[in-house]
Number of protein chains: 2
Amino acid sequence: MVETTTRDRLVSEAMRLFGQQGYRATSVAQIEAAAGLAPGSGALYHHFKSKEALLAAGIDRQLDRRGAMRDVRALFAGLGDLDTELTLLGRYLFAVLDEETQLLQIAARTPAGQSARVAAAYAALVDGLCAELADWIAGWAPHLADTDAHRIAVLGINALLGNRAGQMLYHGPGTQLRDEDYLTEWTTLLGARIRA
Amino acid sequence: MVETTTRDRLVSEAMRLFGQQGYRATSVAQIEAAAGLAPGSGALYHHFKSKEALLAAGIDRQLDRRGAMRDVRALFAGLGDLDTELTLLGRYLFAVLDEETQLLQIAARTPAGQSARVAAAYAALVDGLCAELADWIAGWAPHLADTDAHRIAVLGINALLGNRAGQMLYHGPGTQLRDEDYLTEWTTLLGARIRA
DNA sequence: GTCTATACGCCGATAGAC
DNA sequence: GTCTATCGGCGTATAGAC
């Protein structure tokens, strides 16, 4: 994943800075400097017609990289008992969220209805993860109504999202748990609910 | 809670706007206008020496209003069975979070280590809620180790935080569940874990 | 305490040389 | 494609009249 073109570098550095500082707080000059161009020169505008177009390109690239909704039921089914599969699934969901860290940060720091593209990308991510988890739950607990499986999934995803949100805000070691411990507890909680 | 002084109105409107748009994206002129002053006039600077001092005053007011850590174990203990108490406790935790909406929004939109005051206020809130919930759990499940009770509490609080974070980002009706349904599922999940 | 007026800097974006 | 130079606008903050 070595960046070749200046355009790619601009997108990468812009998304990194947008995530760290927010869209408005990041200046075009700063992005240019991070991409190895002279800060303050309008060099960026030979690749994007505006700063907003650059954000849109970054979101679109993130959406392109995002694989199609995986059928987690097929991926993880039959690997072992419920707790084992659930732990693996939790690690997988954390990994997906970490791939989308920049998007999550940008979404959190974008004033509500400012960018429809950002909101749509965020909604698609969360809804997709909930659907995947709900699907897997339904496979293990056929006796559960679909709405129940969905509710458990929403809560499970929110628990993972809340963890990453907390890490973004604390940014220090904080009082947060280690990922391993958190996932263990997450597995225990959801496993007990699904079995019941 | 009718605002009397101009200073109070400035703080209230500033915190509202900071929450909606973020600190940097909110201009002093906008705050002045919202407080009924002439936008662009430096009238604000007769009450605060800078925009940053205004934010600090807002955070401090939020901290002052925040009651001392309540002993939820004493508040909710003996009201009924575990599920009943847990539901009430969940409603209470949601209510506390909703009182702190502005702080949560500001924290989310403040670029990491920008304001130590904001980070400290956020950390104190989350740590306090986790401690309260862990305390209550320990009361119902004496057989559980303290570290286990704490882990369950962290996950429970994160699940509630994740829900409110999602509401802040969707801001539309979205796919989110109704509070009632979400709390029901939250209660079921944590209840099953505590009993086990 | 609030106003008008203004200083001064930074930002997004454009023009034109190379 | 990247640079220097620059325009116009908006941002924070200040000075001084009332």
Side-chain angles (χ1 to χ4, degrees), chain A residues 2-61 106 109-112 114-118, chain B residues 2-61 106 109-112 114-118:
Chain A
V2 180
E3 254 103 29
T4 55
T5 71
T6 300
R7 187 192 153 93
D8 282 341
R9 256 179 309 139
L10 284 168
V11 172
S12 296
E13 296 301 320
M15 290 294 279
R16 185 177 60 80
L17 290 168
F18 290 161
Q20 286 176 6
Q21 312 176 340
Y23 173 75
R24 286 195 67 161
T26 303
S27 70
V28 171
Q30 206 174 350
I31 300 169
E32 289 171 335
L37 303 180
S41 73
L44 183 147
Y45 292 97
H46 283 265
H47 301 271
F48 304 94
K49 79 172 211 301
S50 70
K51 185 182 169 187
E52 204 174 346
L54 172 57
L55 171 61
I59 299 295
D60 287 347
R61 194 181 77 172
I106 294 172
R109 289 172 187 155
T110 299
Q114 183 124 334
S115 167
R117 242 195 186 86
V118 172
Chain B
V2 181
E3 254 103 29
T4 55
T5 71
T6 300
R7 187 192 154 93
D8 282 342
R9 255 180 309 139
L10 283 169
V11 172
S12 295
E13 295 301 320
M15 289 294 279
R16 186 177 59 80
L17 290 169
F18 289 162
Q20 286 176 6
Q21 312 177 339
Y23 172 75
R24 285 199 68 160
T26 302
S27 70
V28 170
Q30 207 174 349
I31 299 169
E32 289 171 334
L37 303 180
S41 73
L44 183 147
Y45 293 97
H46 285 265
H47 301 272
F48 304 94
K49 79 171 210 300
S50 71
K51 186 182 168 187
E52 203 175 346
L54 173 58
L55 171 61
I59 299 295
D60 287 347
R61 196 182 75 173
I106 293 172
R109 288 171 189 156
T110 298
Q114 183 123 336
S115 167
R117 242 196 187 84
V118 171

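These numbers come from the heavy atoms of this one structure, side chains and all, not from hydrogens, waters or symmetry mates. Letters A, B, ... mirror the listed sequences (proteins, then strands); counts begin at 1.
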**Prompt:** Taking all non-hydrogen atoms of both residues, which atom of A:Gly40 and which atom of A:Glu32 are closest, and how far apart?
**Reply:** N-OE1, 3.1 Å
**Fill in**
Reading nucleotides 3-18 of chain C from 5' to 3' and marking B where a protein heavy atom lies under 4.0 Å of the base, S where only the sugar-phosphate is that close, and - otherwise, the string is SBB-----SSBB-B--
**Prompt:** Do you know the tightest heavy-atom contact between B:Leu17 and B:Ala34?
**Reply:** CD1-CB, 4.1 Å
**Fill in**
Separation of D:dT2 atom C1' from A:Arg7 atom CZ, nearest Å, is 17 Å
**Asked** Checking side-chain hydrogen bond (donor to acceptor under 3.5 Å, both in side chains) for the pair A:Gln21/B:Gln114: CA distance, chi angles, key distance, verdict?
**Response** CA-CA 9 Å; A:Gln21 312 176 340; B:Gln114 183 123 336; over 6 Å; no
**Within 45° cone and under 6.0 Å: A:Lys51 NZ/CZ vs A:Phe18 ring** = no
**Message:** Rounded to whole Å, please give me the gap between CD in A:Glu32 and P in D:dG1.
**Reply:** 15 Å
**Asked** Between B:Arg9 and B:Thr6, is any side-chain donor less than 3.5 angstrom from a side-chain acceptor?
**Response** yes
